[in-house]
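Source: prediction; values computed, not measured. Reminder, nothing fancy here: chain letters follow the sequence lines and each chain counts from 1.
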Amino acid sequence: MNDPANFSFQECLHFLGRSDKECLHYIVDGKLRRMLLAGGEPVVVEIAQGGDAAYLEATVLAPAGVMFPEKDIQDFVTRWLHLDADLGDFYAYTQTDPLLRGLAAEYRGLRLVGMPDLFEAVTWPIIGQQINLSFAYTLRQRFIRHFGYHQQVDGTDYYLYPHPAVIASLTPEVLTPMQFSRSKAQYLVETATVMASGQLSEQVLAPLDYAAARDRLVALKGIGNWSANYTLMKYSRFPQAVLLEDAGLQNAVRQRLQLPAKPSMAALQEYTRPWQQHAAYAVFYLWRSLLPPLNV
DNA sequence: ACCCAGGCGTTCG
DNA sequence: CGAACGCATGGG
């Protein structure tokens, strides 16, 4: 990994454990378990802190007795936990910004936990927009359990996020009884169709710069500026992605500055304008500041 | 009962 | 153009 002095597995685990409705990964005895694709095949892996804390160790829990491309697993974890990041510049910047000062010391080593799956990174904002987080996680759990590839290992259910082709084959009427709004159900099926047909893919997005990628995503129905920037932050990892319209960001700013009410959009633009290439990490650390501290 | 939620698309003035 | 409004429903 890069910048091991600024890596804390514990901080990353704390963020990953924020919802008890999570079903794409589990935390067991300070280790991280999930299913992922290696060599195109589903594998259940356990990720643990290495001996000197400067690296992570991945163990294949299932299927047993089969060799899997180690590099695929390593690449996945690197992208998931942003192990290739270098936080030095961001930490230096936080000391110069009144809104961010102190975040580096409080949460040192927290990496911007991402989403290596494009379909997940595009559809999770659709699922979660406008509703409270608790209900959003409930809907996500239903979505994954109903439509994701599933495998049970040692009595635990592991899932892959649903494949676009599976969702593309649905009608919105399948989703509305599961308490997705009509609009969300429609956006999910439409987005899945666009991805299943290859009109939106890793390859389509990869060559685009920040503005072009944002425009491509916003062209999808149900994806506005907030959702597009979410995808650009969590999947594409554009460092300048900023979630201006985010209620969580607005609450974190209010809290840190002791404002009587949430900041106006104009005020928020003032606060965030200097962030530039630090915006994605700034937002993520401010989200972290809304979670309980580590030692509770 | 009321307001807000990690918004977005549509309609209105 | 920007502002206002409807969506759906859980949670405080």
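Here A:Tyr137 lies in heavy-atom contact (under 4.0 Å) with a base. At the heavy-atom level, A:Tyr187 lies under 4.0 Å from the strands shown only through sugar-phosphate atoms. Across all strands shown, A:Lys262 has heavy atoms under 4.0 Å from sugar-phosphate atoms exclusively, and none from any base. Within the nucleic acid shown, A:Leu139 has no heavy atom closer than 4.0 Å to any nucleic acid atom. Within 4.0 Å (heavy atoms only), A:Thr138 reaches no atom of the nucleic acid at all.
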Just distance, no hydrogens or angles: give the donor-acceptor pairs under 3.5 Å from side chains in residues 67-76 of chain A, sequence neighbours left out.
from: A:Lys71; atom 1: NZ; to: A:Asp75; atom 2: OD2; distance (Å): 2.8
from: A:Asp72; atom 1: OD2; to: A:Gly39; atom 2: N; distance (Å): 2.7

Would you give me the side-chain donor-acceptor pairs under 3.5 Å for residues 211-224 of chain A, sequence neighbours excluded?
from: A:Arg216; atom 1: NH2; to: A:Gln199; atom 2: O; distance (Å): 3.1

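The closest donor-acceptor contact from the side chain of A:His14 to the backbone of A:Pro292 lies under 3.5 Å. Side chain of A:Asp52 to backbone of A:Ala54: a donor-acceptor contact under 3.5 angstrom is found. The backbone N or O of A:Phe238 lies less than 3.5 Å from no partner atom in the side chain of A:Ser236, so there is not a single donor-acceptor pair.
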Polar atom pairs between nucleotides 1-3 of chain B and protein, under 3.5 Å, N or O only, would you list them?
none

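Sorted by first then second residue, the ring-ring contact (aromatic ring centres under 6.0 Å, His included) pairs that include residues 41-61 of chain A, not counting sequence neighbours, number zero.
Less than 4.0 Å separates DNA chain C from at least one heavy atom of each of the following residues of residues 126-134 of chain A: A:Gln130, A:Ile131, A:Asn132, A:Ser134.
Each of A:Asn251 and A:Ile223 was assigned the nucleotide of DNA chain B with the nearest heavy atom; the assignment lying further toward the 5' end belongs to A:Asn251.
Between A:Glu22 and A:Arg140, at least one side-chain nitrogen of the basic residue sits less than 4.0 Å from a carboxylate oxygen of the acidic one, meeting the salt-bridge criterion.
At B:dT10, one or more side-chain N or O atoms of A:Lys221 fall inside 4.0 Å of OP1 or OP2 (strictly under the cut-off). Proximity of A:Lys184 to the phosphate of B:dG9: no side-chain N or O atom is located under 4.0 Å from OP1 or OP2.
Extent of DNA chain C lying under 4.0 Å from chain A heavy atoms, first and last nucleotide in 5' to 3' order, is C:dA8 to C:dG11.
Both the sub-6.0 Å distance and the 45° axial angle are not jointly satisfied by A:Arg18 relative to the ring of A:Trp287.
For the C1' atom pair drawn from B:dG9 and C:dG10, the interatomic distance equals 23 Å after rounding to whole Å. Using atom P as the reference point in both B:dG6 and C:dC5, the two lie 23 Å apart (nearest Å). Atom C1' of B:dC4 sits at a distance of 16 Å from the matching atom of C:dG6, rounded to the whole Å.
No option in A:Leu103, A:Asn251, A:Asp246, A:Leu243 other than A:Leu103 meets the side-chain contact (heavy atoms from CB on, under 4.5 Å) test with A:Leu286. Between A:Leu100 and the choices A:Tyr285, A:Tyr93, A:Tyr91, A:Tyr281, the side-chain contact (heavy atoms from CB on, under 4.5 Å) rule is met once, by A:Tyr93.
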For side-chain contact (heavy atoms from CB on, under 4.5 Å), just list the numbers for A:Leu112 and A:Phe90, CA-CA rounded to whole Å, side-chain angles, deciding distance to a tenth of an Å, and then say yes or no.
-> CA-CA 12 Å; A:Leu112 202 171; A:Phe90 170 63; over 6 Å; no
